[in-house]
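Worksheet: one structure, shown below.
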Amino acid sequence: MMKRSVFVSVLLALAMLTKSWSTMAEVAVIAHPSNENSPNKAQLIKIFLKKNKAFGDGSPAKPIYQKSGQDISKEFNTKVLHKSASQLKSYWTKLMFTGNGSAPKEVKGGSEVIELIANNPSFIGYVDASEVTGAVKVIAKF
């Protein structure tokens with residue numbers, strides 16, 4: 001009986017580990033194909049937190065987020081911004097309350113991010129790397 005419960009415990013642990021690996025997506029930060037900037041991680045954080053409103057060349061940078069709660073949003077928040085969804089919500093609330101800014105545009109999914117960025121050189125966003133098309137340019141992967 002003891003061997004059976006150990007075996008079941010090991011199987012459950014493996015199942016949870018496999019699930020956590022499968023939900024980890026590679027995050028691609030994307031921009032318009034004409035964008036010649038290559039921001040580093042620190043610069044990307046500043047752009048996505050709206051501390052920098054321009055790319056390195058001075059052209060406007062307008063971040064697009066995907067709806068919070070989605071796996072890719074969680075991955076982006078963790079891997080790039082090092083913040084949870086609740087920390088980001090608090091950050092945007094504080095900015096709006098003090099009159100120092102507003103939350104970025106939020107869209108439903110990757111295809112909408114790609115469509116918006118393909119049609120506007122000012123936008124920058126993130127998608128699951130498997131969703132990237134030729135309509136946009138990958139400027140970083142995490």
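Along the sequence shown, the residues carry numbers beginning at 1. No hydrogens, no waters, no symmetry mates; every other heavy atom, side chains included, goes into these values.
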Answer yes or no: is there a donor N or O on one side and an acceptor on the other, between the side chain of [X] and the main chain of [Y], under 3.5 Å?
X      : Y      : answer
Asn52  : Ala54  : no
Lys79  : Ala25  : yes
Asn77  : Ser73  : yes
Thr78  : Glu75  : no
Asn119 : Glu115 : yes
Tyr91  : Ser86  : no

If every non-hydrogen atom of [X] is compared with every non-hydrogen atom of [Y], which pair is closest and at what distance?
X      : Y      : answer
Ala118 : Ala135 : CB-O, 3.6 Å
Phe142 : Val80  : CD1-CG2, 3.4 Å
Leu49  : Leu88  : CD2-CD2, 3.8 Å
Ser34  : Pro121 : OG-CB, 4.1 Å
Ala31  : Asn35  : CB-ND2, 3.6 Å
Ile72  : Glu26  : CD1-O, 4.4 Å

Between [atom1] of [X] and [atom2] of [Y], what distance do you get to the nearest 0.5 Å?
X     : Y      : atom1 : atom2 : answer
Gln70 : Asp128 : CD    : CG    : 11.0 Å
Ile30 : Ile139 : CD1   : CD1   : 9.0 Å
Leu81 : Phe48  : CG    : CZ    : 7.5 Å
Ser38 : Gln43  : OG    : CD    : 9.5 Å

Are [Y] and [X] connected in a single hydrophobic cluster, I mean Ile/Leu/Val/Met/Phe/Trp/Tyr linked by side-chain heavy atoms less than 4.5 Å apart?
X      : Y      : result
Ile117 : Leu44  : no
Ile114 : Phe123 : yes
Val29  : Val127 : no
Ile124 : Val107 : no
Val138 : Val27  : no

Please assess Ile47 against Lys62 for the test side-chain contact (heavy atoms from CB on, under 4.5 Å), listing each intermediate value before the final yes or no. CA-CA 8 Å; Ile47 289 171; Lys62 299 177 183 175; over 6 Å; no
Apply side-chain contact (heavy atoms from CB on, under 4.5 Å) to Val113 and Tyr126, showing your working. CA-CA 7 Å; Val113 172; Tyr126 60 89; over 6 Å; no
Does [atom1] in [X] sit with more than 12 non-hydrogen atoms of other residues, nucleotides or ligands closer than 6.0 Å?
X      : atom1 : value
Glu106 : CD    : yes
Lys41  : NZ    : yes
Lys50  : NZ    : yes

For Lys53, check salt bridge (Lys or Arg N to Asp or Glu O under 4.0 Å) against everything at least two apart and list the hits. none
Is Glu112 salt-bridged to Lys108, cutoff N-O under 4.0 Å? no
Would Ser122 and Phe55 count as a side-chain contact (heavy atoms from CB on, under 4.5 Å) if you check the C-alpha gap in whole Å, the side-chain angles of each, and the deciding distance to 0.1 Å? CA-CA 9 Å; Ser122 298; Phe55 290 105; 5.9 Å; no
Angle between ring planes, Trp92 versus Tyr65, binned at 30° and 60°: parallel, tilted or perpendicular? perpendicular
So Asn37 and Ser59, side-chain contact (heavy atoms from CB on, under 4.5 Å) or not? Walk me through it. CA-CA 10 Å; Asn37 294 281; Ser59 61; 4.1 Å; yes
